[in-house]
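Chain identifiers are assigned alphabetically (A, B, ...) following the order of the sequence lines, protein sequences preceding nucleic acid strands; residue numbering begins at 1 within each chain.
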Amino acid sequence: MSPYNPAKVEKKWQDVWEDQSTFTAKRDETKPKYYVLEMFPYPSGRIHMGHVRNYTMGDVVARYKSSTGHNVLHPMGWDAFGMPAENAAMASGGHPKEWTYQNIADMRAQMKPMGWSLDWSREFATCDPEYYGQQQALFIDFMEKGLVYRKNAIVNWDPVDMTVLANEQVIDGRGWRSDALVERRELTQWFFKISDYSEELLSALDGLDNWPAKVKLMQSNWIGKSRGLQFGFSLIDGPAGFDEVEVYTTRPDTLMGASFVGISPDHPLAKELEQDNADVAAFNAECRKMATTEEAMEKADKKGFDTGLRVRHPLDPSWELPVYIANFILMDYGTGAVFGCPAHDQRDFDFARKYDLPIIDTFVSMDGSQSASEEAFVPTKTEKVRWTKQFAWDEVATGQQAVDAAIAHCEANNIGQGVTKYRLRDWGLSRQRYWGCPIPVVHCDDCGVVAENKENLPIALPDDVSFDQPGNPLDRHPTWRDTPCPSCSKPARRETDTMDTFVDSSWYFARFTAPHSKTPTSAPDADYWMNVDQYIGGVEHAILHLLYSRFFSRAMHICGHLPEKAIEPFDALFTQGMVTHEIYQTRDDSGRPIYHLPEEIENGKVKSSGEIAEIIPSAKMSKSKRNVVDPVDIVRSFGADTARWFVLSDSPPERDVEWTASGAEAAFKHLSRVWRIASDIASATGEGSGDPELTRAMHKTIHDVTMGIETFGFNAAIAHLYAFTNELNKSRASAETKLDAMRTLVQLMNPVTPHFAEEVWEMLGGEGLIADAPWPVADPAMLVEENVTLPIQVNGKRRSEITVSKNLPKEEVEKLALADKAVQKALNGGAPKKLIVVPGRIVNVVI
RNA sequence: GCGGGCGUGAUGGAAUGGUAGACAUAAGAGACUUAAAAUCUCUGGGCCGAAAGGCCGUGCGGGUUCGAGUCCCGCCGCCCGCACCA
């Protein structure tokens with residue numbers, strides 16, 4: 001018997017699969033298609049355990065579906081544009097293009113040994129001109145359909161580097177390289193009109209039955225549909241042209257509790273006032289130093305500035321309210337102005353406390369015990385409350401009833417209008433960077449902004465650029481910028497902004513169906529392969545990537561690039577958890593942490609120094625914490641099949657999995673054990689008899705593993721494989737019975753450990769490739785249990801159990817339960833109060 | 001701050017509202033071996049008990065239910081997202 005040698009086995013079968021083009025997908029109308037896709041990687045240059053887990057899950061699905069008669073498409077590509085390539089160029093003087101393609105080559109070389117059943121013939125990178133040229137064609141089509149426009153938007157501006165910064169490049173309000181205080185600056189930017197689809201993107205979530213409920217909920221909250229009242233507070237002696245402050249509120253029922261009006265520092269009125277009021281200008285300037293993220297706005301200290309202006313309350317013209325500029329009000333949402341009701345909104349409450357504004361209850365709890373005193377009183381809108389300041393409804397009403405009545409009242413009295421708003425903003429896609437897809441438009445002095453002619457596509461990035469100075473090299477490129485106007489042919493300038501990388505990833509799944517088509521998609525291929533039957537990726541993409549892709553699919557459909565069925569491109573979605581690892585830390589003389597790689601640690605001590613390492617509980621693998629395990633090392637020591645088995649075995653796929661050396665070793669030991677058992681069976685000729693128990697267990701295992709894969713219960717499926725292996729190992733059945741059981745076992749293992757399975761299959765004399773063998777089918781007759789063991793509870797606590805025939809009538813079960821010794825003892829001669837029998841599950845005696 | 005999720009033995013985890021801890025890991029004991037490794041067998045939530053058995057136990061505090069890890073309410077902790085990271 002030869003020992004299990006993964007290095008030899010894995011290479012052998014990878015070569016066979018490649019020679020036979022086992023995983024090359026071709027359209028075949030005679031078979032049902034199945035499109036499984038994992039979110040494509042960013043080419044950082046190294047694969048990590050998260051990739052291994054993600055792609056192994058997809059591979060299990062792909063191989064399983066293939067064995068159940070599906071024509072499977074399982075492609076791979078690269079999300080290859082983005083900042084890291086430019087950062088690398090700045091740091092080491094290379095070129096983003098070379099850096100990226102080298103990384104792709106390196107990563108591909110690390111991925112191939114994993115044995116994923118990928119169709120590499122469809123591979124592309126989003127930075128291939130062939131791909132982004134088609135993306136430019138889409139952009140032009142979107143322009144024609146009115147889905148693209150330009151407007152001013154705020155960016156983070158680094159005044160020292162003279163460049164726009166991404167949010168992650170702003171650290172505590174300062175540029176990451178220059179350390180200069182970041183300013184907000186307005187630039188004219190390109191936008192997709194995703195907000196046209198707010199209602200559609202929201203309501204269509206209902207149809208996504210195979211998406212996680214949490215993702216749909218997050219998207220729904222992100223779109224943020226609300227019904228409210230829009231109305232104007234009339235300004236008393238406002239600046240010329242400012243008669244009113246228009247506000248939007250979802251709680252018009254609390255209007256009588258208003259104590260101030262707040263406007264955004266970017267509100268036109270605020271901008272007007274700063275013209276000739278230095279204090280306002282100073283306050284606004286201060287606000288504009290804040291980072292642009294919503295998170296930064298919300299976390300910042302709530303600050304206000306009393307403009308001195310007053311407005312009249314719409315329900316009582318004699319009531320005047322102060323107008324504050326407040327740093328927490330977003331110009332992007334609603335009208336950029338709100339009224340504050342401190343009694344029923346905690347943020348307004350804090351603001352009122354700070355600036356000594358009145359706190360006016362408009363309702364209290366039903367028994368009057370709860371009102372705004374130490375904090376705002378904010379019951380849910382469905383809770384009934386007692387109103388003290390209602391103006392169009394009953395004294396007792398829910399918030400929702402009051403909102404509806406308030407809107408109706410205000411509409412009837414011409415105070416305002418009920419309106420529906422969405423939180424979702426249009427998608428700003430302009431990036432002032434080199435390494436992205438050029439926006440295919442030209443600025444002409446005569447014709448204005450003109451789309452490129454499609455025959456000029458792709459508008460390719462120039463290669464001769466340098467990164468020795470900050471900013472976008474396209475802006476200062478001597479010739480690339482200059483181009484004739486596509487409309488009038490006069491000298492004109494190219495747009496130098498490139499596209500957000502989210503654009504690249506919003507349609508790659510469609511491109512995979514025809515990766516070299518001369519149009520963005522090809523109808524027969526898109527019709528056949530779309531939709532993605534199963535999409536798998538991290539939950540961190542739950543909102544933006546998935547929402548943008550849903551929008552893009554709709555837009556592509558309108559332009560004729562996708563069939564109508566594909567407007568929701570992902571039929572089923574699965575979000576997997578991270579791979580984590582313990583962190584090993586020691587400290588230097590000044591107490592600063594030093595992190596150690598897992599392989600530097602032995603028995604809790606640093607190998608080289610013998611120092612005891614502090615163990616910090618598991619966290620996402622990251623370079624900075626050095627808690628990374630390199631898949632390449634694992635494949636070298638144990639083989640890909642062990643890595644694949646382990647990443648799926650130890651945790652439910654939607655949760656994080658902790659990588660442990662002992663777990664990986666145990667996975668290897670288990671495969672070695674199965675190998676030995678298979679070798680013994682392959683060479684056995686001996687005596688033995690049939691084993692009905694083994695056959696029964698085999699069918700049960702087929703059923704359980706199949707269900708496990710179908711429901712993404714990979715860890716449960718693997719637990720069943722362990723259990724069946726134990727059973728098979730113990731069995732004294734005949735060689736023939738065991739051979740049958742063993743073949744079934746490796747077939748069930750095949751999606752997870754495919755090289756191992758092929759080799760054992762061959763060893764056992766299996767016909768052809770196991771990759772081409774049909775999935776085993778459980779005999780339903782073998783799954784039926786004749787007897788069941790029923791636990792017997794007394795008052796909900798387990799006290800005994802009885803084993804009865806499955807179909808024993810309820811009355812008989814009751815009799816047997818009451819006759820049980822433990823029940824007799826508990827009853828102590830009395831009669832039970834109640835007897836609950838759940839057939840096949842449990843008996844509960846209540847006394 | 002807002003939105004979403006998660007929390008079970010020493011560890012990873014299992015459990016359509018129905019026997020909490022399947023399966024695995026670490027650990028301990030034993031078998032085999034000159035020895036070690038490998039392999040095999042057994043033990044394996046806590047407390048009391050010789051055992052039978054009993055009591056407690058799924059982050060914390062309440063609630064619904066014959067019955068709650070699971071459902072509801074309120075906390076605590078950790079993770080993800082927050083529109084220019086990918």
Side-chain angles (χ1 to χ4, degrees), chain A residues 39 41-42 44 79 81-84 153 155-156 164-170 189 194 212-215 217-222 224 292-300 302 328 332 346-347 423-433 500-502 504-505 538-545 547-548 575 577-578 580 617-620 649-652 654-660 662-663 665-667 669-670 672-673 676 713 715-716 718-723 726 729 789-801 822 832-836 838 840-847:
Chain A
M39 292 179 184
Y42 179 79
S44 61
D79 190 11
F81 274 135
M83 293 198 307
V155 295
N156 301 304
V164 177
L165 297 179
N167 284 333
E168 74 158 8
Q169 296 174 315
V170 180
Q189 312 229 25
I194 190 173
K214 64 177 173 185
V215 173
L217 188 55
M218 281 189 261
Q219 291 218 352
S220 171
N221 289 338
W222 184 262
T292 55
T293 68
E294 197 165 311
E295 183 187 2
M297 308 266 288
E298 296 269 351
K299 273 188 184 164
K302 309 295 177 284
F328 56 87
D332 287 324
Q346 190 57 40
R347 197 162 54 179
R423 201 184 73 102
L424 179 65
R425 308 200 292 258
D426 278 333
W427 172 8
L429 67 118
S430 295
R431 297 292 180 272
Q432 294 71 41
R433 271 185 260 286
D500 177 8
T501 57
F502 272 122
D504 311 336
S505 56
V539 72
E540 66 271 22
H541 296 293
I543 297 174
L544 293 178
H545 162 60
L547 193 63
Y548 289 157
T575 55
M578 300 179 297
T580 63
S618 274
K620 183 177 184 169
S649 67
D650 236 30
S651 256
E654 68 275 16
R655 249 195 264 178
D656 294 348
V657 64
E658 182 178 355
W659 184 275
T660 59
S662 62
E665 213 166 303
K669 279 186 193 171
H670 177 73
S672 302
R673 181 166 177 249
R676 270 197 310 279
N715 57 326
I718 285 176
H720 290 300
L721 291 171
Y722 271 114
N726 290 336
N729 192 37
T789 301
L790 294 180
I792 299 177
Q793 297 181 331
V794 174
N795 289 341
K797 282 184 199 282
R798 184 186 171 280
R799 283 292 178 262
S800 182
E801 62 181 35
K833 257 190 217 163
K834 201 169 176 182
L835 190 56
I836 291 145
V838 184
R841 303 297 311 193
I842 204 162
V843 179
N844 190 8
V845 184
V846 186
I847 58 176

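Under the Watson-Crick or G-U wobble criterion, with both distances below 3.5 Å, A50(B) has no partner in any strand shown. In this structure A24(B) sits in a base pair with U11(B), meeting the Watson-Crick or G-U test at under 3.5 Å. Remark: A83(B) base-pairs with no nucleotide; criterion is Watson-Crick or G-U wobble with both hydrogen-bond distances under 3.5 Å. Under the Watson-Crick and G-U wobble criteria, each requiring two contacts below 3.5 Å, nucleotide U39(B) is paired to A31(B).
The nucleotide whose nearest atom lies closest to any side-chain atom of Y42(A) is, among G13(B), C84(B), A86(B), A86(B). Nearest to the side chain of N726(A), among A86(B), A24(B), U16(B), sits A24(B). Side-chain proximity of V539(A) to the nucleotides A14(B), C85(B), C80(B) is greatest for C80(B). For A166(A), whose side chain is taken as the heavy atoms from C-beta onward, the closest listed nucleotide among C85(B), A86(B), U25(B) is C85(B). Residue H541(A) places its side chain closer to A86(B) than to any other of A20(B), A86(B), A83(B).
Going from atom CG of N156(A) over to atom P of A83(B) covers 10 Å, rounded to whole Å. What separates CZ of R798(A) from C1' of A15(B) is a distance of 15 Å, to the nearest Å. Taking atom CD of E168(A) as the reference point, atom P of A83(B) lies 12 Å away to the nearest angstrom. Protein atom NZ of K302(A) is 10 Å distant from nucleotide atom C1' of C2(B), rounded to whole Å. Across the protein-nucleic acid pair, K669(A) atom NZ and C23(B) atom P stand 18 Å apart, rounded to whole Å. Rounded to a whole Å, the CZ atom of F502(A) is 8 Å from the P atom of C84(B). Following rounding to the nearest Å, E295(A) (CD) and C79(B) (C1') show an atom-to-atom distance of 14 Å. Rounded to whole Å, atom C1' of A24(B) lies 6 Å from atom OH of Y722(A).
Rounded to whole Å, the separation between the P atoms of C2(B) and U11(B) comes to 32 Å. If you take atom P in G46(B) and the same atom in C40(B), they sit 26 Å apart, rounded to whole Å. Rounded to whole Å, the separation between the P atoms of U43(B) and A52(B) comes to 13 Å. Nucleotides U58(B) and G9(B) have their P atoms positioned 9 Å apart, rounded to a whole Å.
Using a distance-only test at 3.5 Å, with no hydrogens or angles considered, no donor-acceptor pair links the side chain of Q189(A) to the main chain of L429(A).
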Could you give me the CA-CA distance, side-chain angles and deciding distance for F328(A) and E298(A), then say whether side chain to side chain contact (heavy atoms under 4.5 Å, CB included) is met? CA-CA 6 Å; F328(A) 56 87; E298(A) 296 269 351; over 6 Å; no

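OP1 or OP2 of C40(B) has at least one side-chain nitrogen or oxygen of R673(A) nearer than 4.0 Å. In this structure, R425(A) does not reach the A83(B) phosphate: none of its side-chain N or O atoms is under 4.0 Å from OP1 or OP2. Considering only side-chain N and O atoms, S651(A) lies nowhere under 4.0 angstrom from the phosphate OP1 or OP2 of G12(B).
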Identify each atom pair where a protein N or O and an N or O of nucleotides 3-9 of chain B are less than 3.5 Å apart, giving names and distance.
unit_1: G3(B); atom_1: O3'; unit_2: N221(A); atom_2: ND2; d: 2.9
unit_1: G3(B); atom_1: O2'; unit_2: N221(A); atom_2: ND2; d: 2.9
unit_1: G7(B); atom_1: OP1; unit_2: R655(A); atom_2: NH2; d: 3.4

Short N/O separations, protein against nucleotides 28-33 of chain B, under 3.5 angstrom:
none

Do any N or O atoms of the protein come closer than 3.5 Å to N or O atoms of nucleotides 64-67 of chain B, and which pairs are they?
unit_1: C66(B); atom_1: O2'; unit_2: N844(A); atom_2: ND2; d: 3.3
unit_1: C66(B); atom_1: O2; unit_2: N844(A); atom_2: ND2; d: 2.5

Between the protein and nucleotides 72-77 of chain B, which nitrogen or oxygen pairs are less than 3.5 angstrom apart?
none

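Here Y42(A) pairs with nothing under the ring pair (Phe, Tyr, Trp, His ring centres under 6.0 Å) rule; sequence neighbours left out. Among residues two or more places apart in sequence or in another chain, the ring pair (Phe, Tyr, Trp, His ring centres under 6.0 Å) test is passed with W222(A) by none.
Counting any heavy atom pair closer than 4.0 Å across all strands shown, G538(A) reaches no nucleic acid atom. Among the protein residues, V164(A) comes within range of the nucleic acid bases, having at least one heavy atom under 4.0 Å from a base atom.
The CG atom of N715(A) lies 9.5 Å from the NE2 atom of H720(A); values are rounded to the nearest 0.5 Å. Summarising the geometry, atom CE belonging to M297(A) is positioned 10.0 Å from atom NZ belonging to K302(A); distances are rounded to the nearest 0.5 Å. To the nearest 0.5 Å, atom CZ of residue R799(A) and atom CG of residue N844(A) are 11.0 Å apart. Atom CE of M218(A) is separated from atom CD1 of I543(A) by 6.0 Å, given to the nearest 0.5 angstrom. To the nearest 0.5 angstrom, T293(A) atom OG1 is 12.5 Å from E168(A) atom CD.
For C84(B), its base sits under 3.5 Å from the side chain of Q432(A) at one donor and acceptor pair at least. In the interface, the side chain of E540(A) is not paired with the base of C80(B) through any donor and acceptor atom under 3.5 Å apart. A donor-acceptor contact under 3.5 Å links the side chain of Q189(A) to the base of C84(B).
Relative ring orientation between H670(A) and Y722(A) is described as tilted, the plane-to-plane angle lying within the 30° to 60° band.
In this structure the side chain of N726(A) reaches within 4.5 angstrom of the side chain of R673(A), judged on heavy atoms.
For the pair E294(A) and R423(A), the salt-bridge criterion is met [side-chain N within less than 4.0 Å of a carboxylate O].
Syn is the glycosidic conformation of G9(B), whose angle stays within 90° of 0.
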